[in-house]
Amino acid sequence: MIVTAVAKRYASALFDYAKEKGIIDTVLDELKGLVELFETSEDFKQFVKNPLIKKEDKEKVFKKLFDDGKISEALYNFMMILIEKGRLNLLVEIYSYYRYLLMEEKGEVDAYVKVADEYDDRIKNEIKSALERVTAKKVNLNIEVEKDILGGFIAQVKSDLYDVSIAGQLKRLKDVLLKI
């Protein structure tokens with residue numbers, strides 16, 4: 001996901017505040033809940049994105065969430081700032097960057113791994129361990145099956161791509177043979 005500079009500034013400010021208050025995980029969980037609602041409810045998505053909906057109406061919805069204990073005071077106040085500044089549409093980007101900052105803080109990284117078939121836990125742990133050695137960080141595996149790679153795996157960690165798939169090896173071999 002591309003995160004705009006504006007969303008990064010808002011996410012960083014929220015992260016710094018939450019870190020100072022010792023509630024970084026709580027705020028992440030609350031943001032995640034709002035993003036899940038955004039992704040599953042077309043009504044909520046329109047509510048967030050539509051600039052024609054009055055600020056007062058948007059404030060009432062988040063006040064209700066706060067009063068019902070669904071969001072903390074910190075997130076409520078942050079949402080009021082987003083509404084006031086007309087930046088509520090950055091919610092998903094802010095969540096994405098806030099999560100990135102939290103993972104950096106904890107020395108973690110996401111790895112998006114494509115495998116040829118469903119692997120058992122032992123092999124998944126071997127992949128995870130290999131990526132942790134390479135990145136020197138705790139790796140959160142996101143595994144997707146893609147039969148076209150034939151075997152092995154392809155892992156993307158941030159902007160680095162590790163291709164140890166059979167399809168990748170065959171392609172490299174083909175490239176070498178074509179140069180001869």
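Sequence positions, counted from 1, serve as the residue numbers for this chain.
Ile23 and Ala74 make their closest contact through CD1-CB, 3.6 Å (heavy atoms, listed as atom of the first residue, atom of the second, distance). Heavy atoms only, all atoms of each residue included: Ala116 and Gly151 are closest at CB-N, 3.5 Å. The nearest pair of heavy atoms linking Leu91 to Met79 is CD1-CE, 3.9 Å. Of all heavy-atom pairs spanning Tyr98 and Ala18, the tightest one is OH-CB, 3.3 Å. When all heavy atoms are compared, the tightest approach of Ser96 to Val3 is OG-CG2, 4.1 Å. The shortest non-hydrogen separation linking Ala7 to Ile94 is O-CG1, 3.8 Å.
Between Ile83 and the options Leu88, Val48, Asp57, a side chain to side chain contact (heavy atoms under 4.5 Å, CB included) holds for only Leu88.
Scanning for side chain to side chain donor-acceptor pair (under 3.5 Å) contacts around Asp160 gives an empty result, with sequence neighbours left out. Every residue was checked against the ring pair (Phe, Tyr, Trp, His ring centres under 6.0 Å) condition with Tyr10, not counting sequence neighbours, and none meets it. Scanning for salt bridge (Lys or Arg N to Asp or Glu O under 4.0 Å) contacts around Glu105 gives Lys19, with sequence neighbours left out. Applying the side chain to side chain contact (heavy atoms under 4.5 Å, CB included) rule to Glu39 yields the partners Val35; only residues at least two apart in sequence or on another chain are considered. Here Lys70 pairs with nothing under the salt bridge (Lys or Arg N to Asp or Glu O under 4.0 Å) rule; sequence neighbours left out.
By the 4.5 Å side-chain criterion applied to Ile, Leu, Val, Met, Phe, Trp and Tyr, Val113 is assigned to a cluster that also includes Val109, Val115, Tyr119, Ile123, Ile127, Leu131, Val134, Val139, Leu141, Ile143, Val145, Phe153, Val157, Tyr162, Val164.
Here the CZ atom belonging to Arg172 is positioned 9.0 Å from the CG atom belonging to Leu170, to the nearest 0.5 angstrom. Here the NZ atom belonging to Lys49 is positioned 5.0 Å from the CZ atom belonging to Phe38, to the nearest 0.5 angstrom. The line from CD of Glu108 to NZ of Lys137 is 10.0 Å long, rounded to the nearest 0.5 Å. Residue Met80 holds its CE atom at 11.5 Å from CD of Glu73, rounded to the nearest 0.5 Å. Distance check, rounded to the nearest 0.5 Å: CG of Leu31 to CZ of Phe15 gives 12.0 Å. Ile53 CD1 to Lys58 NZ: the interatomic distance, rounded to the nearest 0.5 Å, is 5.5 Å.
Counted by atom type alone, Asp163 and Ser165 present one or more donor-acceptor pairs between their side chains at under 3.5 Å.
Arg99 has no carboxylate O lying under 4.0 Å from a charged side-chain N of Glu104, or vice versa, which leaves the two without a salt bridge. Electrostatic pairing of Arg122 and Glu126 counts as a salt bridge here, judged by a charged N lying under 4.0 Å from a carboxylate O. One finds a salt bridge joining Asp25 and Lys106 here, because a Lys/Arg side-chain nitrogen approaches an Asp/Glu carboxylate oxygen to under 4.0 Å. Between Lys171 and Asp175 a salt bridge is recorded (basic side-chain N to carboxylate O distance below 4.0 Å). Salt bridge annotation for Asp120-Lys124: absent, with no cationic side-chain nitrogen under 4.0 angstrom from a carboxylate oxygen.
Side chains of Tyr95 and Leu28 form a contact here, defined as non-hydrogen atoms less than 4.5 Å apart. Side-chain atoms of Glu20 and Asp16, non-hydrogen and from C-beta on, never get closer than 4.5 Å to each other. Looking at heavy atoms from C-beta onward, Leu34 lies in side-chain contact with Leu65 at the 4.5 angstrom threshold. Side chains of Val6 and Leu90 form a contact here, defined as non-hydrogen atoms less than 4.5 Å apart. Annotation: side chain of Lys64 is not in contact with side chain of Lys60 (no heavy-atom distance under 4.5 Å).
If you look at Phe62 and Tyr76, their ring centroids are not closer than 6.0 Å. The aromatic ring centres of Tyr97 and Tyr100 sit less than 6.0 Å apart.
Tyr17 and Val27 are assigned to two separate hydrophobic clusters, defined by single-linkage of ILVMFWY side chains at heavy-atom distances under 4.5 Å.
Residue Lys128 qualifies as enclosed at atom NZ: its count of foreign heavy atoms under 6.0 Å is above 12.
A donor-acceptor distance shorter than 3.5 angstrom exists from the side chain of Ser129 to the backbone of Asn125, with no hydrogens or angles considered. In this structure a side-chain-to-backbone donor-acceptor pair under 3.5 Å is present from Lys55 to Glu84.
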